[in-house]
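The structure appears right after this line, and notes come after that.
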Amino acid sequence: MELARINLNLLISLYYLLRNRSVTEAAADQHITQPAMSRNLSQLRKIFDDPLMVRVGNNMQLTPHGEQLWLKLPEALNHLESLLVPDRFEAAGYHGEFNIASTDFITHDLMPPLLAELQSDAPGISLHFHLWEPGMMESLRQGRMDLAACILDTVPNDIYGKQIGSDNYSCLVNRNHPLSGQVISMTDYIHADHIGISAGGDKIRAVDEALVKLKHQRNMKLTVPFIHSAMAITSRANYILTLPSRIAARLGPKYGLEILELPEQLKIPASNYYLIWHQRLQSDPAHRYLRERMFDSLGTDESL
């Protein structure tokens with residue numbers, strides 16, 4: 001395929017078509033009409049001699065060739081853009097949007113000061129936060145997410161990242177709990193009722209895996225998706241909430257909760273906090289600006 005005979009604007013249309021898998025949404029993102037995007041799709045199908053997208057039920061799915069193009073296209077466009085766009089980035093004049101996955105703790109308790117600054121420093125940036133789940137690693141690869149702040153054991157080879165901090169674990173109980181003011185034994189811990197946080201980062205698995213190594217299992221009576229929900233419930237009900245220690249120290253007093261140490265025998269590996277992104281965004285000036293601002297903000301926070 002000769003590059004000289006192709007309108008490079010078609011590659012931009014191809015990007016939005018493959019990302020959205022919808023002619024209507026792709027047209028909206030590229031700010032062109034739906035008929036114009038349909039014509040572009042028709043031309044692209046002729047160029048690649050492939051349908052690229054086909055309807056399956058009510059949805060459009062990529063063909064195998066379309067999937068291969070999607071794996072290569074974002075990085076190729078970034079390289080092409082780097083040839084045409086100066087490296088200097090002017091935040092005040094930039095217009096664009098980013099999808100960011102993070103925990104509810106980061107979004108609710110750590111991000112507000114930075115977001116207020118960005119509204120002033122880079123008013124053209126739109127940020128859309130999503131609750132982090134482990135499956136979102138694939139969303140980073142596919143371009144559905146641009147950045148993530150999360151807890152990870154290891155960072156995959158195709159993902160770039162910086163470690164923000166690390167943390168151990170503590171227990172939280174209300175002051176009327178039978179174990180309040182006591183040293184928790186392993187017997188106390190496994191026979192008590194527990195509450196866990198099911199979304200926004202893996203705060204359950206590490207604890208349970210450490211217990212399995214000791215041939216124990218805790219009595220998980222309640223799970224909720226958000227940290228502040230778990231805190232509010234624990235302040236009223238006699239559950240044990242096991243969380244990273246710095247989060248417990250920051251939020252526990254706000255809910256009148258007492259912080260207790262884990263049973264001496266229970267050794268949970270430290271949680272490592274990362275800011276991560278896909279390698280195709282490594283050289284993007286706007287992305288670099290945003291991630292550096294986030295890293296500066298989160299990296300200096302003693303809660304991580």
Legend entry - Between Thr107 and Asp104, a side-chain donor and acceptor under 3.5 Å: no
Inset, instruction - Look at atom CD of Glu261 and say whether more than 12 heavy atoms of other residues, nucleotides or ligands are closer to it than 6.0 Å. - result: no
Inset, instruction - Look at the side-chain heavy atoms of Ile, Leu, Val, Met, Phe, Trp and Tyr, link any pair under 4.5 Å apart, and say whether Leu18 and Val54 land in one connected group. - result: no
Legend entry - Test log, rule side chain to side chain donor-acceptor pair (under 3.5 Å), inputs Thr223 and Ser198: CA-CA 6 Å; Thr223 59; Ser198 59; 4.7 Å; no
Legend entry - Asp49/His65 under side chain to side chain donor-acceptor pair (under 3.5 Å): CA gap, chis, key distance, verdict: CA-CA 10 Å; Asp49 193 25; His65 190 48; over 6 Å; no
Inset, instruction - Name all residues meeting the salt bridge (charged side-chain N to carboxylate O under 4.0 Å, His left out) criterion together with Asp153; count only those two or more places apart in sequence or in a different chain, and write none if there are none. - result: Arg205
Legend entry - Short side-chain donor-acceptor distance under 3.5 Å, Thr103 and Tyr273: no
Inset, instruction - Check whether any side-chain heavy atom of Pro285 sits under 4.5 Å from a side-chain heavy atom of Tyr94, and report yes or no. - result: no
Inset, instruction - Answer with yes or no after comparing the ring centroid distance for Tyr189 and His194 against a 6.0 Å cut-off, counting only values under it. - result: yes
What side-chain donor-acceptor pairs closer than 3.5 Å can you find for residues 141-151, not counting sequence neighbours?
residue: Arg141; atom: NE; partner: Asp158; partner atom: OD1; Å: 3.4
residue: Arg141; atom: NE; partner: Asp158; partner atom: OD2; Å: 2.6
residue: Arg141; atom: NH1; partner: Glu138; partner atom: OE1; Å: 3.4
residue: Arg141; atom: NH2; partner: Asp158; partner atom: OD1; Å: 3.2
residue: Gln142; atom: OE1; partner: Trp70; partner atom: NE1; Å: 2.5
residue: Gln142; atom: NE2; partner: Glu138; partner atom: OE2; Å: 3.1
residue: Asp146; atom: OD2; partner: Asn99; partner atom: N; Å: 2.7

Legend entry - Any Phe295 side-chain heavy atom under 4.5 Å of Leu290 side chain: no
Legend entry - Derivation of the salt bridge (Lys or Arg N to Asp or Glu O under 4.0 Å) call for Arg21 and Glu67: CA-CA 11 Å; Arg21 306 184 185 196; Glu67 292 282 3; 3.7 Å; yes
Inset, instruction - Check salt bridge (charged side-chain N to carboxylate O under 4.0 Å, His left out) between Arg293 and all other residues, then give those that pass, not counting sequence neighbours. - result: Glu117, Asp121
Legend entry - Donor-acceptor contact present, side-chain Asp167 to main-chain Arg246, <3.5 Å: yes
Inset, instruction - May I ask you to say whether Arg45 pairs ionically with Asp50, meaning some side-chain N is under 4.0 Å from a carboxylate O? - result: no
Legend entry - Side chain to side chain, Asn174 and Tyr255, heavy atoms closer than 4.5 Å: no
